Amino acid sequence: MSERPVIDQGDIIMEGVLVKQSKHLMRWRNRWVVLTPEFLCSFKSQGDTTPTECVHLKECQCIKGAEQITGKENSFTLMSLDRAFLFIA
């Protein structure tokens, strides 16, 4: 998860705003999220070049619905080797 890739525009599969729970304060924040074949990266806003976090998809163990955890529709958990990430679409 510490790897900070350089994202080539040609590698982007999908991008857009998701609400993501912060790591330390557990607050919900809007983030610009970019999916490539290798990474899921979040940015404070569209056009930022330094991601706030990146998950190498090879380290992703599972993705599942999280509506029971968040109480929100369209929410999901991404489980990496060392952390669970909560998102709301």
Side-chain angles (χ1 to χ4, degrees):
M1 191 170 68
S2 61
E3 190 172 352
R4 299 284 192 235
V6 174
I7 296 175
D8 180 8
Q9 289 295 319
D11 290 340
I12 295 174
I13 296 169
M14 187 173 286
E15 61 184 325
V17 175
L18 293 176
V19 183
K20 180 181 153 301
Q21 191 175 56
S22 65
K23 182 177 181 176
H24 298 291
L25 299 177
M26 309 304 276
R27 291 189 179 163
W28 291 99
R29 297 188 171 125
N30 288 340
R31 290 291 184 243
W32 186 259
V33 179
V34 175
L35 176 66
T36 71
E38 293 186 58
F39 294 96
L40 179 72
C41 298
S42 64
F43 299 83
K44 286 188 178 179
S45 61
Q46 184 178 6
D48 285 354
T49 57
T50 304
T52 57
E53 294 187 278
C54 282
V55 177
H56 198 285
L57 296 178
K58 287 183 181 177
E59 297 177 1
C60 180
Q61 295 178 323
C62 76
I63 298 174
K64 61 183 180 178
E67 293 175 1
Q68 291 181 332
I69 297 169
T70 66
K72 304 284 185 182
E73 290 184 11
N74 304 314
S75 59
F76 61 95
T77 303
L78 184 150
M79 302 290 293
S80 72
L81 293 175
D82 58 354
R83 179 164 169 222
F85 296 84
L86 283 169
F87 293 95
I88 302 171

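For clarity, every value in this text was computed on a predicted model and none was experimentally measured.
Considering only residues two or more places apart in sequence or on other chains, Ile12 meets the side chain to side chain contact (heavy atoms under 4.5 Å, CB included) condition with Ile7, Gln9, Glu15, Val34. Take Thr36 and apply the side chain to side chain donor-acceptor pair (under 3.5 Å) test, not counting sequence neighbours, and it matches no residue. Remark: Phe87 pairs with Phe76 by the ring-ring contact (aromatic ring centres under 6.0 Å, His included) rule, at least two apart or across chains.
Residues Arg31 and Glu53 are not paired through a salt bridge, judged by the lack of any N-O separation under 4.0 Å between the basic side chain and the carboxylate.
Phe85 and Met26 fall into different hydrophobic clusters, where Ile, Leu, Val, Met, Phe, Trp and Tyr residues are linked whenever their side-chain heavy atoms come under 4.5 Å apart, directly or through other members. Hydrophobic clustering (ILVMFWY, side-chain heavy atoms < 4.5 Å, transitive): Ile63 and Ile13 are in one cluster. Under the 4.5 Å side-chain contact rule for hydrophobic residues, Leu18 and Leu35 share a cluster.
To the nearest 0.5 Å, the span separating NZ on Lys64 from CD on Glu67 amounts to 13.0 Å. To the nearest 0.5 angstrom, Lys58 atom NZ is 12.5 Å from Leu81 atom CG. Separating the CD atom in Glu38 from the CG atom in Leu57 is a distance of 8.5 Å, to the nearest 0.5 Å. Note that CG of Leu78 and CD of Glu59 are 10.5 Å apart. Values are rounded to the nearest 0.5 Å. Here the CZ-SG distance, from Phe39 to Cys60, works out to 13.0 Å after rounding to the nearest 0.5 Å. Taking CG of Leu40 as the reference point, atom CE of Met14 lies at 11.5 Å (rounded to 0.5 Å).
More than 12 heavy atoms of other shown residues, nucleotides or ligands fall within 6.0 angstrom of atom CD in Gln61.
Counting Ile, Leu, Val, Met, Phe, Trp and Tyr side chains that sit under 4.5 Å apart, directly or through other members, Val19 shares a hydrophobic cluster with Trp28, Ile69, Leu86, Ile88. Side-chain contacts under 4.5 Å among hydrophobic residues (ILVMFWY), followed directly or transitively, place Val6 with no other residue at all.
Every pair passing side chain to side chain donor-acceptor pair (under 3.5 Å) that includes a residue from residues 42-52 is listed here, sequence neighbours excluded: Ser42-Thr52, Ser45-Asp48.
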